[in-house]
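Notes for the one structure printed next.
On a predicted model such as this, the values are computed, not experimentally measured, just so you know.
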Amino acid sequence: MRVVVIGAGVAGLALARGLLRKGHDVEVYEESPEPRTAGGSVSLWPGSTAILEELKVDWAGVGRRLETLESWAPDGRRLLTLDLTVPERRFGHPVVHVARSELVELLADGVPVTYGARAEHVVPERAEARLSDGRTVRGDVLVGADGRRSAVRSALWGADAATLSPWVTWQGFTTEPTLLTESGRAVMIAGRHGLCGLIPAGRGRLLWWFDVRSAPGRPFWAGDPHVVERLRERFGEWADPVPKVLASIADIDFFPHHRQPIPKVWGRGPTTLAGDAAHTMPPTMAQGANQALEDAWLLSRSIGDLRAYEKARSKVVRRPARLAATEATDMQRPIAGLLPDGLMTRIYTLLLRRYSNYLLTAP
């Protein structure tokens, strides 16, 4: 089949890679003039690392295998430790953390992408898109993998139904050595002022992020040139290595959280959606890239029955989307901190299976 993919993010590139391996004719068109590498890094759960293995994407040279996910109080007291080697043993694939730019680079290897080609007008019934350079492209199937502001979704669904969450994220990398940088430990610290997350991302980098509550419809500190000073005021007295991370901030990225209703049917005729175009969700459950890879894996196997793909994926992806929309991990007193480590590890392992079409089909 001839498949036109709009968008060269994680979903679009993984889908194209999977379809090419199955012998399909694939064309990818990306609005950005160069590879999309915005964002920090992503945690990939066992279903996703299994999918990367099928796609012949070797993360080992760039990512970091994670062994524990810890919750701390602001004073450094450990409240909870999830043993991530349990789902690794259960499903046969590890939990890893990798820089988004490097994941995109690995997925793009060998995939034909035309950059600087924005989709300006989409006709879903004909799997057709008119591009910003004047060309019109058509396929047997058209897939919108063009992110939260998807042109393909607009042609299918109309107005954007996503709404702003009361939380926003400020994030970046530090190469300043810390007790976590070369470890396999991910840490989240929730307190009265918000949440700080710290995860090793490989190659001597530590991803840090701060989630802070925002006024409804008004992203907190957006455009504020003094945001780093504000973060230091709020979080500067938290346990090590938070002060060290705050002192090292040079570059910082801002991400508002969005919630989006997820219908049972995403497409029409020979056109469908994948990734954030179909299911934008807050990053609090670390599921955005994972669900994008799940879309790509299933769609590459269901390219002849798009409605079956949408039905199967919408049923699964709603689960993490609903939980992410609660922003539960940003709360000062997460319920998880009241339960034993072993029980929480078991619950989390069960949730990972429910969040994954791949793992649901695994023995």
Checking the side chain of [X] only, and the main-chain atoms of [Y] only, is there a donor and an acceptor separated by less than 3.5 Å?
X    : Y    : answer
D140 : R2   : yes
R318 : I262 : yes
E310 : G267 : yes
H93  : T49  : no
T68  : E70  : no
E105 : R100 : no
T181 : T178 : yes
N290 : A286 : yes
E294 : Y358 : yes
D211 : C196 : no

So how far is it from [X] [atom1] to [Y] [atom2], rounded to the nearest 0.5 Å?
X    : Y    : atom1 : atom2 : value
R77  : S71  : CZ    : OG    : 10.0 Å
I189 : R78  : CD1   : CZ    : 13.5 Å
R213 : S165 : CZ    : OG    : 8.5 Å
M1   : H24  : CE    : NE2   : 7.0 Å
Q291 : H279 : CD    : NE2   : 6.0 Å
L273 : I6   : CG    : CD1   : 11.5 Å

Which residue is it: K22, R301, R17? I am looking for the one with a salt bridge (charged side-chain N to carboxylate O under 4.0 Å, His left out) to E54. R301
Side chains of [X] and [Y]: closer than 4.5 Å at any heavy-atom pair?
X    : Y    : answer
T136 : L131 : no
V317 : M281 : yes
L52  : L103 : yes
E182 : R64  : yes
S356 : V316 : no
V98  : V42  : yes
L106 : L13  : no
L107 : V111 : no

Please report the shortest heavy-atom distance between [X] and [Y], naming the atom on each side.
X    : Y    : answer
S300 : G18  : CB-C, 4.2 Å
P263 : S314 : O-CB, 3.5 Å
P124 : P270 : O-CD, 3.3 Å
D276 : T280 : O-OG1, 2.8 Å
L306 : T271 : CD1-N, 3.8 Å
L352 : L359 : O-CD1, 3.8 Å

Is [Y] paired with [X] through a side-chain N to carboxylate O contact shorter than 4.0 Å?
X    : Y    : answer
R36  : E31  : no
R203 : E102 : yes
E128 : R130 : no

ring-ring contact (aromatic ring centres under 6.0 Å, His included) involving Y348 - partner list, sequence neighbours excluded: W45
With sequence neighbours left out, what residues match F210 under ring-ring contact (aromatic ring centres under 6.0 Å, His included)?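 With neighbours one apart ignored, the set is W208, F235.
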Hey, any chance [X] and [Y] share a hydrophobic cluster, counting ILVMFWY side chains that come within less than 4.5 Å of each other, even indirectly?
X    : Y    : value
V10  : Y115 : yes
V4   : V123 : no
L299 : L20  : yes
L360 : L44  : no
V137 : V28  : yes

List the steps, then state whether side chain to side chain contact (heavy atoms under 4.5 Å, CB included) holds for H257 with L164. CA-CA 6 Å; H257 295 193; L164 282 171; over 6 Å; no
Atom pairs and distances, side-chain donor-acceptor, residues 147-154, under 3.5 Å, sequence neighbours left out:
{"from": "R148", "atom 1": "NH1", "to": "D160", "atom 2": "OD2", "distance (Å)": "2.8"}
{"from": "S150", "atom 1": "OG", "to": "D146", "atom 2": "OD1", "distance (Å)": "2.5"}
{"from": "S150", "atom 1": "OG", "to": "D146", "atom 2": "OD2", "distance (Å)": "3.3"}
{"from": "S150", "atom 1": "OG", "to": "V152", "atom 2": "N", "distance (Å)": "3.2"}
{"from": "S150", "atom 1": "OG", "to": "R153", "atom 2": "N", "distance (Å)": "2.8"}
{"from": "R153", "atom 1": "NH1", "to": "R148", "atom 2": "O", "distance (Å)": "2.9"}
{"from": "R153", "atom 1": "NH1", "to": "A277", "atom 2": "O", "distance (Å)": "3.1"}
{"from": "R153", "atom 1": "NH2", "to": "R148", "atom 2": "O", "distance (Å)": "2.4"}
{"from": "S154", "atom 1": "OG", "to": "S150", "atom 2": "O", "distance (Å)": "3.0"}

As a quick check of understanding, evaluate side chain to side chain contact (heavy atoms under 4.5 Å, CB included) for V95 and R65, giving each step before the final call. CA-CA 6 Å; V95 179; R65 173 177 168 269; over 6 Å; no
F254 vs V168, test: side chain to side chain contact (heavy atoms under 4.5 Å, CB included). Steps then yes/no. CA-CA 8 Å; F254 168 70; V168 299; 3.7 Å; yes
Among all residues two or more places apart in sequence or in another chain, which pass the side chain to side chain contact (heavy atoms under 4.5 Å, CB included) test with T345?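 Per chain and number, T345 pairs via side chain to side chain contact (heavy atoms under 4.5 Å, CB included) with L82, D83, V86, T349.
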Tell me, which pairs form a side chain to side chain donor-acceptor pair (under 3.5 Å) where one or both residues lie in residues 226-239, sequence neighbours left out? D224-R230
Regarding T326 and R322, is there a side-chain donor-to-acceptor distance under 3.5 Å anywhere? no
Row check, F173 ring normal vs R205 NZ/CZ: under 6.0 Å, within 45°: yes
Contact list for residues 249-265, test salt bridge (charged side-chain N to carboxylate O under 4.0 Å, His left out), sequence neighbours left out: none
Would you check, one step at a time, whether the test side chain to side chain contact (heavy atoms under 4.5 Å, CB included) holds for D330 with T284? CA-CA 8 Å; D330 286 331; T284 48; 3.4 Å; yes
Between Y309 and W266, does the ring centre distance come in under 6.0 Å? yes
Would you please test E27 and T114 for side chain to side chain donor-acceptor pair (under 3.5 Å) and show each step? CA-CA 8 Å; E27 301 171 4; T114 300; over 6 Å; no
